[in-house]
Number of protein chains: 2
Amino acid sequence: MPHLIDDAEAMLRERGFKVTGQRTLLLQVLAGQTNYLDAEEIHALAHMQDASISLATVYRTLNLFAELGLVDHRYVEPDHRREVFRLSEGPEQHYLTCMRCGARTLIHTDLLNRMAHELVRRKGVSVVSACACFTGYCAKCTEELKAAGEFTPPVE
Amino acid sequence: MPHLIDDAEAMLRERGFKVTGQRTLLLQVLAGQTNYLDAEEIHALAHMQDASISLATVYRTLNLFAELGLVDHRYVEPDHRREVFRLSEGPEQHYLTCMRCGARTLIHTDLLNRMAHELVRRKGVSVVSACACFTGYCAKCTEELKAAGEFTPPVE
DNA sequence: ATTACTGCAAAGGCTTTGCATTGTA
DNA sequence: TACAATGCAAAGCCTTTGCAGTAAT
């Protein structure tokens, strides 16, 4: 875990960026999370360690990290309103977001990767990032809605 | 094609909504397009027929149509900034959007549908909509970048 | 005659940006 | 000492909303 942060800082220096307290702090915050968080959530966590860090810096830093490939950034909520971020180590994660309770159900992405590969092979394009957003109801809400007879059968 | 509009208008009436000139016009505009368009593009097209139609009405109408299932609405651009709309007849379409020239490459969605079905089967969830956004370079730009030696091999 | 719908302009929510200041190298 | 990075506040961008007026049933 500290490894990751050291590597990231080395990368920053290598590319001529400065290693500031804010950048180190944000790396620590991100390293402590496995889920995707939005900028405000990340800011709130960072703020506990350094009350002076600004939201603007959080945005600027996350965007820099994304450009450097240090973080994944995606839209996960059904409304695609806010972007979410996560350190980019580890496997890609995709979710189904529940329209009723907001719960996220993790999705295996082997099929998504297959789609990307097929695209490359068949169309000659290059895929830089793939994002899948599923919207619907989580298992619990699906049950409850069925039990209540309020269930309009969805697309599938 | 007029069929489609008549059906939509019948549906509006059935559900207690009024069939206004603006709604009919927007149905016509949408019926004349196969691609996804954003609200401003749709407004521009409608504006040519009725200079008094407002962007607010376009948004309200598109959202109503989406709730009624008359239009698909999704985020297609890499930045996910603006939502795009299309009449929901016809098969789902997904794209890879080129980061260099903006071109959209159509993607077959059988694998995406398989993903959705697997999700339902394995996790007990219900899938209402699935959205896949691929970002990268189109075939032409991939070629050109390779030729220019400017190509950093992407994720795939 | 109702009551939904529209246009306008203002507000909302998330993100970016200009500028003076601070801090890294 | 240079110059990138920061904080603050303002602006940007897309979308929604309140309200008074208009139009569909």
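Chain A is the first sequence line, chain B the second, and so forth, proteins listed ahead of strands; every chain is numbered from 1.
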Would you list the protein and nucleotides 10-13 of chain C atom pairs, both N or O, that sit under 3.5 Å from each other?
unit_1: C:dG13; atom_1: O4'; unit_2: A:R81; atom_2: NH2; d: 3.4

Whole-Å gap separating [atom2] ([N]) and [atom1] ([X]):
X	N	atom1	atom2	result
B:H43	D:dT15	NE2	C1'	14 Å
A:L64	D:dA4	CG	P	13 Å
B:L12	C:dT3	CG	P	20 Å
B:H73	D:dC14	NE2	C1'	16 Å
B:F17	C:dT2	CZ	P	22 Å
B:E9	C:dC5	CD	P	14 Å
A:L62	C:dT17	CG	P	15 Å
B:F85	D:dC14	CZ	C1'	11 Å

Strictly below 4.0 Å: does [X] bring a side-chain N or O up to OP1 or OP2 of [N]?
X	N	value
A:Q22	D:dG7	yes
B:R60	D:dT16	no
A:N63	C:dT16	yes
A:T20	D:dT6	yes

* To do: Would you classify B:D38 as touching base, sugar-phosphate or nothing, given that sugar-phosphate means primed atoms plus P, OP1 and OP2, and contacts are heavy atoms under 4.0 Å?
  =>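 Counting heavy atoms under 4.0 Å across all strands, no contact is made by B:D38.
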Using atom types as modelled and distance alone, determine if a side-chain donor or acceptor of [X] lies under 3.5 Å from a backbone N or O of [Y].
X	Y	value
B:K123	A:L106	yes
A:R86	A:L37	no
B:T142	A:V125	no
A:E41	A:D38	yes
A:H43	A:I53	yes

* Between B:E9 and B:T24, does any side-chain donor sit less than 3.5 Å from a side-chain acceptor? ->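 Yes.
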* Nearest heavy atoms of A:H80 and A:Y75, plus distance in Å ->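 Nearest pair, atom of A:H80 first, then A:Y75: O-CD2, 3.3 Å.
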* **More than 12 heavy atoms of other groups within 6.0 Å of A:Q33 CD** =>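 Check passes, neighbour count above 12.
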Look at the side chain of [X] and decide which nucleotide, out of [options], has an atom nearest to it.
X	options	result
A:Y59	C:dC5, C:dT15, C:dA25	C:dT15
A:R23	C:dG7, D:dT25, D:dA5	D:dA5
B:R13	C:dC8, D:dG7, D:dT25	D:dT25
A:T57	C:dG7, D:dC14, D:dG7	D:dG7

* Closest-nucleotide 5' rank along DNA chain D - winner of B:L55 and B:K18 -> B:L55
